[in-house]
Amino acid sequence: MWYEGAKTKEISFPLGGIGTGCIGLGGNGGLVDFEIKNRSNKNTTAEFTHFAVKVENEEHVIDCRVLQGDLNKNYIGCTERPLYTGYGFGPDRGTMAGFPHFEKVDFYGEYPIAEVNFFHEKFPGAIKMTAFSPLIPTNEDDSSIPAAFFEIEIENTTSSKLKYTVALSCNNFYSQTKTAHLYEKQDEISYIFLGNNETKNTTEYGDLTIATDCTEVSYQEYWFRGRWFDNSSVFWNEFSQYGKLKNRTYKESRKNPGSDGSSDTATLAAHINLNSGERRRVRFILSWSNPYMHNFWEITHIGLTKEEIAQRRAKKWKNYYAVLFPTSRDSAIYGMKNFSQLYKNTDLYRKAMFSCTLPEEVLDAVTANIAALKSPSCLRLEDGSFYGFEGVHAHMGSCEGTCTHVWSYAYAPAFLFPALERSARTNEYTYSMQKAGGLAFRVQLPLGEPPSNHRPAVDGQYGSVLRVYREFLISGDINWLKGIWPEVKRSVEYAWDKENIDQWDMNRDGIMEGRQHHTLDMELFGPNAWLSGMYLSGLLAAAKMAQVLGDQEAQSVYMSIFHSGKERLNHMLFNGEYFYQKVNLKDKAMLEKFHEGFSMHDPDAVASYWNTEAEEMKYQAGEGCMIDQVLGQWHADMLNLGEVFEEEKTRLALHSIYKYNFIGNMREFVNPCRIYSMNDERGTVICSYPENRKMPFIPVPYAGETMTGFEYQAASHMIRKGLIAEGRECVKAVRDRYDGEKRNPWNEIECGSNYVRSMSSYALLLAYSGFSYDMYRGEIGFHPIEKGDYKYFWSLDTGFGTAGLKNDIFTLQVCYGHLKINSIDIETDEISKIIYEGKKLGYIIQDKQAFTLKIM
């Protein structure tokens, strides 16, 4: 999508690898938000890290300016600065906004590739920056390079031969005094290594590298050291002079760090000669390495002493990218040597994904939220396994532990990087299993620490069961399933285990009735469709896995409970319009039996949930219309599990969510909770109370919020069930809020920035394409919800590609990797040819609504 003018104000396009941190490309083409120190670093500047360009003829400098547009915010200053440089002192001078720059930019973003066009009437040429970081589905290691890749294309639009210089300057973010910068050349790659003489075996140590493969370069290992404004003023005086940069180096430590708190800066310049009308490209890489990580964030294990917390935080581990690349020099050289192939493979993904016949707002939602994988919300541990926060605060992760109930919504990584999702499930069932089969919903770090003692969450517990089945279907890895099955089985049966202090389903009737913790951070009591639906879907998935593994006893037990629960769910918990929570809010006795177990609230349920003033229970949904009421069916549909909620009732429930929860204008809407939409914006709220339904005195938390991960879940389910216009309107409402002016299009927020639940938007692609998959049996299928020609992206364990129908010809294309299948299931009126892996298959099907093609 194109962004320009005011619509570029909030853009910070993340560049980096999975689990590496990232650098933001701002909407004006400048660099922002350097989040490369194993933590987030929001709303910060690049501290003199920037690109600049210079144009010369044979006699003098024609033009020289910073490669960015006008600064588009923080004119008064930023609060995240040292004294005398922050709010009230104007923009941080490290933004380079005080130097000549371009007067207009256009920003075009198709994640993970951004293109920025720069315009200025005095600049003799056309200039465009392409920025990306490799994102190659099923290739998790090349997608985990700690680097930002840049290609600057310049066209000489004059009638004369000119020399163009593109310079990348980089601040040494890891040390203010003991810097050690060194220019070197290896295999036609020129680079400056920004190291330091700090102790290397610590969590604070880090280094950076700036590199180019341009054949003609000049450089400064150090900018001039001085006080006040000396560093940037001397640099600009030297850079803007005719000719190449002259090197400067220092051997001693820095004695007087600048008043702005920045460090030494180095510059690497590439020089190219262009004839009239000629066009060339210059490549740069900025890479980083902060090898060691430790747990410095809020720990959710309750009751730890200060000494125990200190002991846990004293333990460190390596980031996986530091296992792949010992230093930033190594990742820069690898990236530069493989620049073309990394870009090509990333572009294969981009072209395949953006060729989908999806409505614009839907394609935008699907693709933009994948950026969360490249944000500080995600880590890769030393063994390469995946770990994630829910999102991030300004300077640390928000809500640790690959939270089971939040990450259960995030379908994108499961298809794009299946091996990482399997590693996350393995870690959950290895390190988070509590006594009797409760699954602690936050993995503790470093790995090997005891599981969190927080009471399990129903939606997280059975969301993980569903995801184990999903990971099996995507990979077909029966050995992995066998290895994880005993713990999965224990977690399934925890619902009726006598040691389950929350007494979820002690009578095994398939309906949750006890104390039920959930993703809205409180607990529901009594029967409710939302959590019972998740339980039933999990039982159904577990029965499918038991069948595959030959565990007939488990399969029989699970199916018996499932059938009982399905019957009760669909008849007891549906009010004619939607599914609800059946609870007597005045029944204090429901709470009195629950007085054990840790949570973020008082273990005593009466203390936490009884409102003495109103004489009723607090934080319940009651008769409300909840956005997640048929969440279990949403999962079941994407896993091809079959019916949990009856089809017509599901459709009625989704229609009610649109009718009652979708707010077409927030200006008159009452929302006492966190404000994610306001004024004339639109959105779908968590829980609504129609006029004829009773609203509790204090309802379920977050009832009035619009949280994008929930909104996409509901919208994609509407679309799948035929409410296409309604679902699209809900999606458009979200993306209209993230328009680049009010909010960052590549950072949807909930409990912090880069919130991972937003990756539920991938379900929109699955809904439109009707993609079915079972790699254990080698079966895939496409059942689009709309008739006519189509083209859709697919990704599974071994590769990705597209599937499309055009002029009665169905084509299945493998763009990257490979795909070994036994059959393709397709619905269409007429097919004359089928092409798979470039080969025409001699199948001519006439007058059939559906068929299965057997691959010989």
Side-chain angles (χ1 to χ4, degrees), residues 15 23 25-26 28-31 46 48-57 60-69 96 99-102 105 114-120 122-132 147-158 161-171 183 185 188-192 194 208-221 223 232 235-247 265-275 278-287 332 335-336 339-340 343:
L15 303 170
I23 294 171
L25 179 65
N28 70 340
L31 301 178
F48 305 107
T49 302
H50 71 282
F51 283 95
V53 293
K54 178 170 65 174
V55 190
E56 302 164 295
N57 59 22
H60 62 273
V61 174
I62 299 174
D63 194 48
C64 183
R65 59 190 63 251
V66 178
L67 191 60
Q68 62 189 37
M96 301 298 289
F99 294 91
H101 51 271
F102 288 79
V105 299
E115 296 177 358
V116 187
N117 293 295
F118 300 86
F119 306 94
H120 198 290
K122 292 184 178 180
F123 184 76
I127 186 164
K128 177 177 73 173
M129 172 192 287
T130 299
F132 77 102
F149 293 65
F150 303 92
E151 186 172 74
I152 291 87
E153 179 182 274
I154 303 175
E155 180 183 1
N156 182 354
T157 57
T158 74
K161 180 179 180 180
L162 298 175
K163 171 166 256 181
Y164 293 84
T165 297
V166 182
L168 172 57
S169 299
C170 185
N171 184 284
Y183 169 80
K185 191 167 185 177
E188 304 305 317
I189 298 169
S190 298
Y191 64 88
I192 300 178
L194 286 76
L208 303 103
T209 298
I210 51 178
T212 182
D213 60 356
C214 186
T215 56
E216 185 180 356
V217 301
S218 63
Y219 57 92
Q220 279 190 351
E221 292 172 323
W223 281 12
S232 58
F235 163 73
W236 197 256
N237 287 338
E238 294 174 340
F239 179 68
S240 60
Q241 290 178 11
Y242 187 79
K244 296 182 177 181
L245 283 172
K246 293 180 175 59
N247 187 32
T265 300
T267 300
L268 181 62
H271 309 281
I272 56 173
N273 295 298
L274 294 181
N275 294 317
E278 188 178 3
R279 179 185 301 171
R280 283 183 60 187
R281 298 170 181 173
V282 177
R283 292 172 169 176
F284 282 91
I285 285 178
L286 195 167
S287 65
M336 193 58 74
F339 196 113
S340 296
Y343 180 82

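Side chains included, hydrogens not; waters and symmetry mates left out as well; all remaining heavy atoms used. Position 1 is the first residue of the sequence, and the numbers go up from there.
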### Query
Within the distance-only criterion (no hydrogens, no angle test), does the side chain of Tyr164 pair as donor or acceptor with the backbone N or O of Ala270 below 3.5 angstrom?
no

### Query
So do the side chains of Ser240 and Val61 get within less than 4.5 Å of each other, counting heavy atoms only?
no

### Candidate pair Glu221 and Asn247, rule side-chain hydrogen bond (donor to acceptor under 3.5 Å, both in side chains), full reasoning
CA-CA 6 Å; Glu221 292 172 323; Asn247 187 32; 3.2 Å; yes

### Query
Do the side chains of Ile154 and Val166 get nearer than 4.5 Å, heavy atoms only?
yes

### Query
Taking only residues two or more places apart in sequence or in another chain, which ones pass ring-ring contact (aromatic ring centres under 6.0 Å, His included) with Phe51?
Phe150, Phe284

### Query
Side chains of Leu208 and Leu286: does their closest heavy-atom pair fall under 4.5 Å?
yes

### Query
Do Ser169 and Phe48 come within less than 4.5 Å of each other through their side chains, counting heavy atoms only?
no

### Atom of Ser190, atom of Leu268 and distance for their closest heavy-atom approach
O-CD2, 3.6 Å

### Task
Evaluate the ring planes of Tyr219 and Tyr183, with Trp represented by its six-membered ring, and classify them as parallel (under 30°), tilted (30 to 60°) or perpendicular (over 60°).
parallel

### Query
Side chains of Asn273 and Lys161: does their closest heavy-atom pair fall under 4.5 Å?
yes

### Task
Sequence neighbours left out, what passes ring-ring contact (aromatic ring centres under 6.0 Å, His included) with Phe99? Give chain and number order.
Trp236

### Query
Between Asn28 and Phe102, is any pair of side-chain heavy atoms under 4.5 Å apart?
no

### Query
So, Lys54 side chain and Gln241 main chain: donor-acceptor pair closer than 3.5 Å or not?
yes

### Message
Among residues at least two apart in sequence or on other chains, which ones pass salt bridge (Lys or Arg N to Asp or Glu O under 4.0 Å) with Glu216?
### Response
Lys163, Lys244

### Query
Shortest non-hydrogen contact from Phe118 to Val105?
CD2-CG1, 3.5 Å

## Note on the structure
Smallest heavy-atom separation, Asp213 atom then Arg283 atom, equals OD1-CB, 3.7 Å

#### Entry: Closest non-hydrogen atom pair between Leu15 and Ala148, with its separation
CB-CB, 3.8 Å

#### Entry: Heavy-atom check, side chain of Lys246 versus side chain of Glu238, under 4.5 Å
no

### Task
Write down the atom of Ala131, the atom of Leu25, and the distance for their closest heavy-atom approach.
CB-CD2, 3.8 Å

### Message
Contact between Thr165 and Glu56 at the side-chain level, heavy atoms closer than 4.5 Å - yes or no?
### Response
yes

